[in-house]
Protein chains: 2
Amino acid sequence: MSSASASTTTCLPVLIAGRWRDAAMVDSFKATDPSQDSPIDREFPVSSWADVDEALSAAASAAVELRKASPDKIAEFLDAYANLIQANATDLVEAAHQETGLPKSPRLADVELPRTINQLRLAAAAARTGSWAMPVVDTKASIRSCYEPLGPICVFGPNNFPFAFNSASGGDFAAAIAAGNPVIAKANSSHPETTRRFAALAMEAIEQTGLPPATVQLIYRTTHEDGERMVSDHRCGATGYTGSRSAGLALKAAADAAGKPIYLELSSVNPVVLTPAALAERGDKLVDEFVGSVLMGAGQFCTNPGLMLVVKGADSDKFIAAVAEKFAAMTPGTLLSPAVTKSLGRAIQTLVGAGAKLLTGGGEPLPGRCARANTWMSATGKQFLADPEIFQTEAFGNASLVVVADDVRQLIAVIDSLEGNLTGCIYSKTDGNDSDYGPIAFVLAPKVGRLLNDKMPTGVAVSPAMNHGGPYPATGHPGFTAVGIPASMIRFAKLTSYDNVRDSRLPWLLQDKNPSGKTWRCVDGNWTTADV
Amino acid sequence: MSSASASTTTCLPVLIAGRWRDAAMVDSFKATDPSQDSPIDREFPVSSWADVDEALSAAASAAVELRKASPDKIAEFLDAYANLIQANATDLVEAAHQETGLPKSPRLADVELPRTINQLRLAAAAARTGSWAMPVVDTKASIRSCYEPLGPICVFGPNNFPFAFNSASGGDFAAAIAAGNPVIAKANSSHPETTRRFAALAMEAIEQTGLPPATVQLIYRTTHEDGERMVSDHRCGATGYTGSRSAGLALKAAADAAGKPIYLELSSVNPVVLTPAALAERGDKLVDEFVGSVLMGAGQFCTNPGLMLVVKGADSDKFIAAVAEKFAAMTPGTLLSPAVTKSLGRAIQTLVGAGAKLLTGGGEPLPGRCARANTWMSATGKQFLADPEIFQTEAFGNASLVVVADDVRQLIAVIDSLEGNLTGCIYSKTDGNDSDYGPIAFVLAPKVGRLLNDKMPTGVAVSPAMNHGGPYPATGHPGFTAVGIPASMIRFAKLTSYDNVRDSRLPWLLQDKNPSGKTWRCVDGNWTTADV
């Protein structure tokens, strides 16, 4: 943070209770242009508890209003917001490029922004039909249940997706709003201007569609203490957090102690296993596939393959050497911020300090921008098994570790020692005739949220069948996904049963008549879109 | 606990890794016959960490085996176990009656045991079809997801349902096993012999059907420290706990810190609102309905109506006086244990100490058995609002508090000050023409897991639409139910996506062919029992 001498007049305003106003600030900060490694000349406030307190109260009132709003109204807002984002794409791309260093095209303009718009539209459609709420009707017992809004949702977005996971436009945002809740967005400190622009468009969409003004609010930063106080406040319904493990676990401890749900997406090394048969069959092809996945976006994806697992031999030697060559030859991407440059360096040091061999990369940060050399390290299975915890240190960025096991048995032991991860990949022989697949998959599947075959983990499709989640510490709970409409919406909802309640008093979703004509409901054990 | 001088030879054995053996004990205890208020002459061990450690390891191995077992096999076990319970009903009823004082008939033999058997059979059916796992198929993206077993589940059963919530036969047990997990049952200390008999029958069913021996294990008690260590151990998949708030929150803190899911059912006062119009219409009838619900089973239900809300006036005066008369006239039921007698007395003292008026009951415990006078207290809306926390003290047992509000507005303010509850009831005018209903329901619904109309909360149907859950502190998470197959099974499962995995390598539930011919799956947005 900058010095406390910053005056409020130079700072950009927060959005609270439908009004852009000066923050009640305790400090201020500037984001960095990582492609220059220089501060951007725009000052943002660090809010005091007074701002958070006012936002929580306004959100609590908005939550009451939203419970009275029709799902169509909420859907209209999401669609209007999506349209405004589309119309302001150029400005958003410009802001995000300056704050993150991510390429304008294709990444920001052609991939991430369309994905963000699509998510909001899917969320609108989900709100309209209501199938997400999993209405269950038991006509015999006269009991009906569905998921309902939970109240104000605090969203902490990550640094690596300034659009698709932005706290004011991304996956958690869309899921929380579509489930009928107001959102308090805590901007990621590395792209506050991008987030401010999103919030402004959201506010415009609120005005267009007549939702409560405090449906979307924005603060940029708080002290750690106030953040913990916010997620455990009685007015908070739940929290969605994507970011570093240490900050996430501090928030989790606070929320847990208050009995407040918190959904975390934390670190993950995303193991990729290449069976000996796969390497023998198509090692060269796998080099390109792996290098493409691990260096894309300078490796700054939650599902970046940070841990490669192979069995020693001529094929794996060749694979490892070829990867080293490509890593050394390719220009390193720009990292998101000085903080990422620093944490990546620290992680590499930790791994090398633990005995990992530096095959290429390492060293000091590159000059003139936020960047480090592409880094490729190796360790033996024996080394890994001697200290699995340290060798699972996430090196967030353009770095990866290959573990070379003595044999498949040891490779399986390495997998067995892994923590929970978002993804796990297995590359095996194309014709399916690969006896190593079964035993490896059996041990890997329970460790991961998504098991991939012959495919790198870096694409996360917005699919109803997607699980962007996984066992702790990849996330805080193994039963929820952060990506995929409608499944991700359940996180921001409470289950309610209505027992012996007459039709006219039931919520929309549970009345005899199918609410949208196409809402899927489980009636007496059968899923149907018919009326009861 | 008794003195540490107890020798292992006099103690009943624990069931660990398929073997009944002497506990590695740190102490011993005896249960009480509450109808005599005298200890039962059977000694049970308090296990040391060594027992828990061995049970966790055996369960972890069993979990691996169970992942290989077919769902039919698991269903066979559940059915065989249900049959054995049926065949041994007399002995079980005898043991439970002695340990809990609950009437043999109808309660134990004719209500709770059939319910328990029914739950196990429903769980078997759910395991067979697999619809519980909510398989989702996205053919376009080639991603498929479903819920899968989570690993060893620790079950802590409550004192008040020796059969239907028993840690070795009840709802959590059935849900955990049907989802494919082994169970470590921690007996409730007030009915260890009943639990031991269940575990013996479960072991017999395991032998009949060939499941891994450690699928069901039993310990009776541990130190608090070891309990906390158990639920946070890396081998534990998740925990189901039903019981006191203080013990539950201690376990929750330990499990949360380790990132282990824990599902808690804690205290709840279950507010019942009688609108002025309902009282005017049928006050007399409501007296009987309320008294029957609140004194049934000596009021020892999780959903016992412990808080009645009315508006002052002649009708409510009459209602309150009539309840007082019935409470005084009816013989108090026997409480479950000396601990319940004590905690009920403490809760009544707290409420009266806070200013509640004692209308009938209170005083010292009754002699010769575990019992207290039926206790009926009142407070004003103003009193309640001045200290909502203390007036929400749960008086578990045959006691209830009526809050008399000045008007409907104040009554709604009282509701707005409530914590999360399992249930909330509203009695209103029969013809539906009651303008108080809407505003009351709007404020009450978000506070409760189940909203009932014109019905007392004490019946908890085993229905797919049942939510036996609710916002904290009624439970630890507002999205889950502890009753109702299949919904309760999700708690003991992890979500897994399979991305680009060929059909033959997919789990049973996700292959193209419908696994049971009648499994409900969501295929490309439509629920169907057809093949893909």
Side-chain angles (χ1 to χ4, degrees), chain A residues 67 136-138 141 143-145 147-148 150-151 252-253 256-257 259-261 432 437 441-442 445-446 448-455 461 463-467 469 471-473 476-481 487 490-491 493-502 504-505 520 522 525-528, chain B residues 67 136-138 141 143-145 147-148 150-151 252-253 256-257 259-261 432 437 441-442 445-446 448-455 461 463-467 469 471-473 476-481 487 490-491 493-502 504-505 520 522 525-528:
Chain A
R67 286 179 57 220
V136 178
V137 175
D138 179 340
I143 304 180
R144 302 178 182 211
S145 70
Y147 286 92
E148 300 192 330
L150 194 50
K252 173 171 154 56
D256 284 344
K260 292 292 175 185
Y437 178 85
F442 188 80
V448 302
R450 179 165 53 119
L451 184 78
L452 300 97
N453 274 193
D454 306 306
K455 194 179 168 187
S463 157
M466 174 53 67
N467 179 23
Y472 184 87
H477 193 293
F480 295 99
T481 176
I490 290 298
R491 296 174 301 155
K494 86 180 259 282
L495 184 60
T496 311
S497 271
Y498 293 83
D499 190 337
N500 198 38
V501 175
R502 65 191 76 190
S504 63
R505 286 179 179 172
W520 282 103
C522 190
N526 297 308
W527 287 90
T528 174
Chain B
R67 287 179 55 218
V136 178
V137 175
D138 179 341
I143 304 180
R144 302 178 182 213
S145 70
Y147 286 91
E148 299 191 330
L150 195 51
K252 173 171 155 55
D256 284 344
K260 291 292 177 186
Y437 179 83
F442 188 79
V448 302
R450 179 166 51 119
L451 183 78
L452 301 96
N453 275 194
D454 306 304
K455 194 179 166 187
S463 157
M466 174 54 66
N467 179 22
Y472 182 86
H477 193 294
F480 295 100
T481 176
I490 291 295
R491 297 175 299 156
K494 85 180 258 282
L495 184 61
T496 310
S497 271
Y498 292 84
D499 190 338
N500 197 38
V501 176
R502 64 190 77 191
S504 63
R505 286 178 178 173
W520 282 104
C522 189
N526 297 308
W527 288 90
T528 174

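Naming convention: chains lettered A, B, ... in sequence-line order (proteins, then strands); numbering from 1 in each chain. Being a predicted model, the structure only gives us computed values, none of them experimental.
- A pairwise comparison of heavy atoms in A/Phe480 and B/Phe480 identifies CZ-CZ, 3.5 Å as the closest pair.
- In terms of heavy-atom pairs under 4.5 angstrom with chain A, the leader among B/Met466, B/Glu148, B/Lys260, B/Arg502 is B/Arg502.
- Residues B/Asp499 and A/Arg450 share a closest heavy-atom pair of OD2-NH1, 2.6 Å.
- Options B/Val501, B/Thr528, B/Leu150 differ in how many heavy-atom pairs under 4.5 Å they form with chain A, and the most are formed by B/Val501.
- Contact of A/Ile490 with chain B is not made at all, since no heavy-atom distance falls under 4.5 Å.
- A donor-acceptor pair is defined here as one N or O able to donate and one able to accept, closer than 3.5 Å; such a pair exists between the side chain of A/Arg67 and the backbone of B/Phe442.
- For the atom pair CG (A/Asp138) and SG (A/Cys522), the distance works out to 10.0 Å, reported to the nearest 0.5 Å.
- Rounding to the nearest 0.5 Å places OH of B/Tyr498 at 10.0 Å from CG of A/Asn453.
- Contact annotation for A/Tyr437: only side-chain heavy atoms (C-beta onward) come within less than 4.5 Å of a heavy atom of chain B.
- Most heavy-atom pairs under 4.5 Å with chain B: of the set A/Gly525, A/Gly432, A/Ala257, this distinction falls to A/Gly432.
- A donor-acceptor pair under 3.5 Å is absent between the side-chain atoms of A/Arg144 and the main chain of B/Ala465, judged by distance alone.
- Between chain A and the options B/Ala441, B/Gly151, B/Ser463, B/Gly469, heavy-atom pairs under 4.5 Å are most frequent for B/Ser463.
- Per-residue heavy-atom pair counts under 4.5 Å with chain A were compared for B/Ser504, B/Pro473, B/Ala141, B/Pro261, and the maximum is reached by B/Pro261.
- Atom NZ of A/Lys494 sits about 7.5 Å away from atom CG of B/Asn467, to the nearest 0.5 Å.
- No other option in B/Asp454, B/Asn500, B/Thr496, B/Val136 has as many heavy-atom pairs under 4.5 Å with chain A as B/Asn500.
- When B/Pro471, B/Pro446, B/Gly476 are compared by the number of non-hydrogen pairs under 4.5 Å with chain A, B/Pro446 comes out ahead.
- Neither the backbone nor the side chain of A/Ala253 comes within contact range of chain B; no heavy atom of the residue lies under 4.5 Å from a heavy atom of that chain.
- Taking A/Leu452, A/Val448, A/Asp256 one by one and counting their heavy-atom pairs under 4.5 Å with chain B, the maximum is reached by A/Asp256.
- For B/Pro464, the parts sitting under 4.5 Å from any heavy atom of chain A are the backbone and the side chain alike.
- Listed here is the closest heavy atom pair of A/Ile143 and B/Ala461: CD1-CB, 4.0 Å.
- Annotation: the span from B/Lys252 atom NZ to B/His477 atom NE2 amounts to 9.0 Å, rounded to 0.5 Å.
- With a 4.5 angstrom heavy-atom cutoff, A/Tyr147 touches chain B only via side-chain atoms.
- At a 4.5 Å heavy-atom cutoff, A/Ala487 makes no contact with chain B through either its backbone or its side chain.
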